[in-house]
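For the numbers below, each heavy atom of this structure counts, side chains included, while hydrogens, waters and symmetry mates do not. Each chain gets a letter, A, B and so on, in the order the sequences are listed, and its residues count up from 1.
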There are 4 protein chains.
Amino acid sequence: MSFNTFGHLFRVTTWGESHGPALGATVDGCPPGIPIDTAALQHWLDRRKPGQNKYTTQRREADEVEILSGTFEGQSTGTPIQLMIRNTDQRSKDYGDIAEKFRPGHADITYWQKYGIRDPRGGGRSSARETAARVAAGGVARAALDTLLPGVQISGYMVQIGPHPIDRARFDPAEIDRNPFWVPDAQAASDWADYLDGLRKSGDSVGAVIEIVARGLPAGLGAPIYGKLDTDLAAAMMSINAVKGVEIGDGMAAATLTGSANADEITMGPDGAPVYGSNHAGGILGGISTGQDVVVRFAVKPTSSILTPRATITKSGEAAQIVTKGRHDPCVGIRAVPVGEAMMACVLLDHLLLHRGQVGDGPRGRIGPA
Amino acid sequence: MSFNTFGHLFRVTTWGESHGPALGATVDGCPPGIPIDTAALQHWLDRRKPGQNKYTTQRREADEVEILSGTFEGQSTGTPIQLMIRNTDQRSKDYGDIAEKFRPGHADITYWQKYGIRDPRGGGRSSARETAARVAAGGVARAALDTLLPGVQISGYMVQIGPHPIDRARFDPAEIDRNPFWVPDAQAASDWADYLDGLRKSGDSVGAVIEIVARGLPAGLGAPIYGKLDTDLAAAMMSINAVKGVEIGDGMAAATLTGSANADEITMGPDGAPVYGSNHAGGILGGISTGQDVVVRFAVKPTSSILTPRATITKSGEAAQIVTKGRHDPCVGIRAVPVGEAMMACVLLDHLLLHRGQVGDGPRGRIGPA
Amino acid sequence: MSFNTFGHLFRVTTWGESHGPALGATVDGCPPGIPIDTAALQHWLDRRKPGQNKYTTQRREADEVEILSGTFEGQSTGTPIQLMIRNTDQRSKDYGDIAEKFRPGHADITYWQKYGIRDPRGGGRSSARETAARVAAGGVARAALDTLLPGVQISGYMVQIGPHPIDRARFDPAEIDRNPFWVPDAQAASDWADYLDGLRKSGDSVGAVIEIVARGLPAGLGAPIYGKLDTDLAAAMMSINAVKGVEIGDGMAAATLTGSANADEITMGPDGAPVYGSNHAGGILGGISTGQDVVVRFAVKPTSSILTPRATITKSGEAAQIVTKGRHDPCVGIRAVPVGEAMMACVLLDHLLLHRGQVGDGPRGRIGPA
Amino acid sequence: MSFNTFGHLFRVTTWGESHGPALGATVDGCPPGIPIDTAALQHWLDRRKPGQNKYTTQRREADEVEILSGTFEGQSTGTPIQLMIRNTDQRSKDYGDIAEKFRPGHADITYWQKYGIRDPRGGGRSSARETAARVAAGGVARAALDTLLPGVQISGYMVQIGPHPIDRARFDPAEIDRNPFWVPDAQAASDWADYLDGLRKSGDSVGAVIEIVARGLPAGLGAPIYGKLDTDLAAAMMSINAVKGVEIGDGMAAATLTGSANADEITMGPDGAPVYGSNHAGGILGGISTGQDVVVRFAVKPTSSILTPRATITKSGEAAQIVTKGRHDPCVGIRAVPVGEAMMACVLLDHLLLHRGQVGDGPRGRIGPA
C-alpha cells in the first residue's frame, strides 16, 4: 500500500539506510500471545549476517536486534513490534566516489532523478542492508506460524550460481547447512567454491537462483484475483534487492508443457485428504494453497559493485569510469536465501490472518475464577 | 489491499463470475478531465474478445462495455468509473459435471476447500473471463496515460508457445497485428498455427510466454522497497489467471550473468539525458524507472480444461475421471496478451499518480552542468 | 484508503451520480455462506426510499437493487458482490440553473475548484442519492452479522430536529416505526410534524441529530490507536453527506463531567460477565467494545437546497441569486437514519472480520463422504 | 489501514508502550527535500511534554526525539523517517495494583478481553504517552506544509474545561501562549486555574473541548465520499485517547439551524477569489476545502485515573475498589492541544499529497471571466 510497507494484516514497514544510525522494521498486526524474544530473532539475523565467510561482504556488522515495543514478559501483545538494528561498521570513507558518480546497475541514478536528494553512503536506502530488517520481521512471522500452524516448515537454498545449476538427483536437504552457499548438493558446493574464488580474484560477481519451499500448510490460504497467495509471493520476492524474476512451481517452464502433462492429478489419500500426483502448480491453484508444498524461485542479478571499471556519468553529466571498491558480496544471491525465507514467512502469516483474523474466533481474555 | 482490488491511487476492483448476469471493474482514482468513451474502451476489449479465430474459445460474447458512472460529457470527473459487461452466452449446461468433480489444474478444489461454496458454472469467479474487466480498466488507464504522458506506448506480444520461442533476429513489430498470436515473427506465426492445430485435434493445450514493453516513460516512476515498479508489475502479472512466472529485463537469465556483463553502462546522450549501453535491467533500477523501455515477461501455463481424461476426485471423495468439454482456448496465453498490456497500463498510471503525489510533477533531480 | 472505499476487510466502494444511468456498491470481503437475496436488501432500501411521505423529497425512485455478482443459489461465495440501482426518475431539467451558479452550502464550488469538471445534474456524485448504495451494502453487512453474531441489533432514530430534542423520559422504541421521523417519542413526532409543515411552507429547511445503537455485541471488537472502533465509526458517520458532528457515548458533553462521574463502574453479573453501572463511554474503551450498547450520534446540517434566495456567484465570477427549486427534503436528516444504521452495520462487520478473518479458523469446505 | 497506521500517502505508524524501552513513529511518504532536524521536532514535543506545570502529570520525561533514518544533511530523502523517543522515567512500581484490577474508564478490561495479554505498566499501549509519537510525526508534517504550502498556519487552543466555556467575545490569540491551558481568553485562564486547583485537591479530574484551526489553505483539498477531508479529520481526532466527540464548523449545533441561516453565502473578493459571508461549514463543503479556515473541535473525557475510589472487578472476577495513585493529569485535555494540532498537520499534508497525485499541482477549476 505504502512505499515501504508490505502485508495486509501482518504489516511490515522497514526503515533505515546503510550508513545511518540504525535500521529496522515496524511490525504491525502480529497476533497476541506469540513467544518472541531477542534470541529467537537473532538466530535468523545471524544466518544473514555479513562477513561470515569469504563469499560474502567483509563488512563487520553485529546486526544485533533490539525489541523496542510490542512484547510483554516474552510474548507479543498484539501491538506494534519495533525491531531496531544499530549500524556499527559504517566506513563511509569507502564511498566518497559514489556521491558524484552513478554506479551502473545500481539505484544511484534513479533515486537521484526521482528525489533530487539521496544518502549516497553505501547505497543509502537502496542498500541490501535493508534486508536485515526483513529477516528480523520474518523471525516474528516464523514464531507466529510456529504457534498458529505448528508443523509448517520454511526452507531456502540455492539452486544455481551463474551458469551452474545443482543436480536435482543429488538433492540432499542435510547438505544445506553444511556449506556457505546453502546448497543441497555437496558436489555443487565444491564446484561453486572454485568458481567464486576465480570470480573474486578477477574482481567480478555473478547472479544466482534461490528456491524457497514451505511444507505442512493447510489448504485454503490465499484469495481470488489480486489477493492470490502467488501474487503476494511474487511481489514479496521481487521487492528484494536485485531480484529480476520470480517463479511459482514450474515457473517459466510451465510455458513449455501441454495441458495433459501439467495437470496435477488428484486422488484421495489414506488419511481422507486429497493427494496430488505431481506439483507443477507449486502448491497454489487459483491463488489458494492446495496443501502441497508451496514452491517459489527467484533470480538475483550479479552484484553491481565490482572492481571491473565501468563507464558511467557524474551528476554534472560528465563521462567517467567507476570501480566500486568497498566490501561487497561476489554473489549477493547467497545472502538472499534467509531473506527469501523471511518473505515467505511474512506472506504465509499474512494470508493465515486474512483467513482467520488477528485474534481468531472469540475474545481471548477471560474474566473469572481460574 | 483487499482481495479483489489492485493499485494504490489508481485502484481497480474487478467483480463478477463467468456465468453470472454481468462482470466489470470499479475504477477509482482516475484523474479528472480524461477523455473516456465506450468506443475507446471497446477497442481494447475487442482485442481480447473470445471467438475471433480458431485458436481461442468459441464462446461468443459480445463483451460490450457500459460506462455507468464517473464521466460527464465524455470526460472523467475524478469520481469512480463503473464499467459493466453483461454476460450473454452462458451455456451453463456445458458445466454440469464440474459441480461435483474437481478439474485438475483448476481452482475448483481450492475455492471449495477455502469457502465451502462456489459458483461452479464456467469456473465462476476463477474463470479467465474476469480478465475482460481488467482490459476495460486498462483502457481507462491508457486514456489517462495518453493525456498525462503523451508518447508512452505499451505493446504486448507472444515470444514463445510450448517449446517454440520466436527468433529475435526476425523480430518485426509490424507483424504483431497480422496474425492471431500477436507474434512479431511471421515464421513463428506460421509454425505455431500448425503446432496448435495438432494440439487441438489431440484435445490438448499448451503454455506460452508473453512480453510487454512500455516505451517513452520518464525516469523516476516507482518507489523504494515494497513500492518498487517491478514489485507492482510482478504482482500485477502474477495475478492474471494461469501465470506461473514473471521476469523483468533479463529475468531468470540474470542469474547466469557476471556483474561486468550485467552492468548497463551510462553515457550522456546528445539531448542531455543519460543513455544506457544495454538494458539488462529492463528499464528499472532500485524499483524506479530509468527512462529506458520497461520490459516484462510472464509465463502462462497450459489451459487446464482439456479433452484428455484426467484422474480426480469428487466432493464426496470418490475417485473419478474428468474430461472438460466446454469451449476452451487451446492456448489461453494468446488472450493474455491484451490482459498483460492492460495491467502494464494500470501499474504505470498508478505509479505516475504516486509520483505526482509524493514528489510533484516531473523528476526532481537533474543531471548536467550546474 | 481510496477515495470512494471504506472498510479494511469488509470493503465497500460506492459509485454513481444522481442523474447517471445507475449507482451502486462494490462489496468486497463478505464472508462466504451468508444468505443474501434481493428481497432482503430491498427491505432496507425501501426504508430510505424518497417520496414516502411529505417530509422527504418527492423525487420518485424505485430504488430497486440488482445483485450482479458474488452470490450463488442465494448465498455469498466470498467474492465481490456488485449491487446496482438504476436511476429512473432523472428530471434533469430541474437543474439547469445550477450548472452555472454555485449553490451555497453545497459541494458545487469545491468540486469545481478541485476537478475543473463535474456532473452538475442533481449534485452529481455529491448528491445524497449516493447513500442508497450505502444502504444496500449495509444490508449485506446486516445479513453477515445475523449469521456470525446472531442477536446483534442495530437501531437508528432521530433525537432532535432543529432546536427540538426528544424527551428521553418518553423514550419508547415501539414508536420508532410508527411515525415518519423514526422518533421514539410520540409527542415529539406530533410536534415535529407541525414544525416541519411550517418550515416547508416558508421554503426553508432544518438540521437534525440521529442516534444509532448496536446491542448484543461481544467485548473485543476494535483495535488500538488508528483502528479504534470509535475512530472508524466517526469516519463512517462523518462521511455521510451533510454530517457536521459525531459523538460516541456522552460525546461533546463528556467535556463537562468529572472523572468520578464519568467512570463506568464495573461489577460481575450473575452470568459471569462484567456488568457496568453506566455507559458514559458508549460501549467502547480504548477503541475496543466492552459488550455494552455501542451508542453513536451525529448531527446533519439543514438541506442546503432551499426556496429562500441566497447570494452566490457564477462560474465566471458574477454575483447572482439562487433559489433551488428541485424536489428536496426539508430535513435531510430524516433519511439519514437508515444510512447511519447501514454504516454501523458495515463498521461492526469489518471489525468482526479484523478480529476473526474472512473465513474463520480452518477451511470451510470438506471433501469426503457426507 | 492497519491497526496502528494513519494516512493514505503520508503514513504514520506509531509504536511503543508507556513503560517499554522507547516509543516512536515510522513516518512514510514524506516528500523529499523538506528541511527536518531534531531541534524543529523537539520544539513541538516540548509543547506537549509532561511536568511543565501543576496542571499536567508530574511524570518527568525528557521526551527527546532521535531521527534514526530518512534524512540526509538535514533534509528528507523521501524514504521512511524513524522517530524514536526513549522512555526514561518509568516508575512502574506505581502501577502494581492495576495489573490485577481493571480501572473503570480505561482500556484495561477491553485490551485484556480482546488479546488475553497486555502490558499493564502505565496503561501500556493505551497510555496517552503514545501521543508523543504523533506530535513528533506532526512536526514532520508541519515542515512539509511550510515548504509546500507556505503560509498555512495551524493553531490549537482550549475552548472549554468542564462546564466552563470561554467567552468568544474575549477571544485573543495572543493569550494562547501566555497560560498553561492554551486558552485565548485571559479571564478563562484565571478562572480555570482556580477550578482545577479545587478539582486536584479533591482527587478528581475533568473533561475539556479543544479547537484546532488551519488558516491559509487552498480550495480543493479533500475528496468525495470516504476520502472527505472532514472524514479523515474526524477519524484523526477520534483516534486520540479519551476523545468522545468531533465537530466540523458548527458541529452538533448545525442540527439547530435552518437552511437559510446555515448557507454560507458567496461573493467575489477583490483579489478574484470567492469570499464567504460566514463559515458554518468549517471550511469544508462536500468533503473538500473551500479555502476558508478549517475548524475542528473535539471533546476529551476526564482523566479516568483518579484518587476517588471506584468499584471494579479483578481478573479473577472478584469485586474490588480501585484508587489510581500514579501521577496523572487532572485534565488530560490540556495536553491534547498539541496532539490535535499534530493530527491536523498530518491530515492536511496527506490530502495535499493525494490531491497532487490525482489532480496535479493546484486546483484545476478556476472562477472568473473566461
Flag the one option from D:E318, D:Q358, D:M237 with the top tally of heavy-atom pairs under 4.5 Å to chain C.
-> D:Q358

Contacts of type side-chain hydrogen bond (donor to acceptor under 3.5 Å, both in side chains), residue D:Q160, not counting sequence neighbours | none

Applying a strict 4.5 Å limit to non-hydrogen atoms, the region of C:K301 in contact with chain D is both

Residues in salt bridge (Lys or Arg N to Asp or Glu O under 4.0 Å) contact with D:R118, at least two apart in sequence or another chain = D:D108

Who in residues 273-280 of chain D is close to chain C, using a strict under-4.5 Å heavy-atom cut-off?
-> D:P274, D:Y276, D:H280

If the plane angle is over 60° it's perpendicular, under 30° parallel, otherwise tilted; pick one for D:H8 and D:H351.
-> perpendicular

Is C:E211 salt-bridged to C:R297, going by a charged N under 4.0 Å from an acidic O?
-> yes

Under a 4.5 Å heavy-atom cutoff, which of D:G207, D:S260, D:A234, D:P163 has the most pairs with chain C?
-> D:S260

In terms of heavy-atom pairs under 4.5 Å, which option from D:P224, D:G286, D:A263, D:A281 contacts chain C the most?
-> D:P224

Which of D:G272, D:P309, D:G368, D:G222 touches chain C most, by non-hydrogen pairs under 4.5 Å | D:G368

Between D:A223, D:S239, D:G105, the one whose heavy-atom pairs under 4.5 Å with chain C are most numerous = D:S239

Going by heavy atoms in the side chains, are D:V209 and D:F298 under 4.5 Å from each other?
-> no

Between D:I109, D:D230, D:I367, D:V206, which residue shows the highest count of heavy-atom pairs closer than 4.5 Å to chain C?
-> D:I367

Give, as side chain, backbone, both or neither, the part of D:I306 having an atom under 4.5 angstrom from any heavy atom of chain C.
-> side chain

Portion of D:H106 that has a non-hydrogen atom of chain C nearer than 4.5 angstrom | backbone

Which of C:A254, C:A255, C:A242 touches chain D most, by non-hydrogen pairs under 4.5 Å = C:A255

Structural part of C:L257 lying under 4.5 Å from a heavy atom of chain D | both

Checking heavy atoms, do the side chain of C:T314, its backbone, both or neither come under 4.5 Å from chain D?
-> backbone

Can you tell which part of D:R310 gets under 4.5 Å to a heavy atom of chain C, answering side chain, backbone, both or neither?
-> both

Can you tell which part of D:S289 gets under 4.5 Å to a heavy atom of chain C, answering side chain, backbone, both or neither?
-> backbone

Checking heavy atoms, do the side chain of C:A208, its backbone, both or neither come under 4.5 Å from chain D?
-> backbone

Is it the backbone or the side chain of D:D204 that comes under 4.5 Å from a heavy atom of chain C, or both, or neither?
-> side chain

Contacting region of D:L199 [heavy-atom separation from chain C under 4.5 Å] = side chain

Side chain / backbone / both / neither for C:A236 at chain D, heavy atoms under 4.5 Å | both

Just jot down the side chain to side chain contact (heavy atoms under 4.5 Å, CB included) partners of C:S126, sequence neighbours excluded, or say none.
-> C:A107, C:Y111

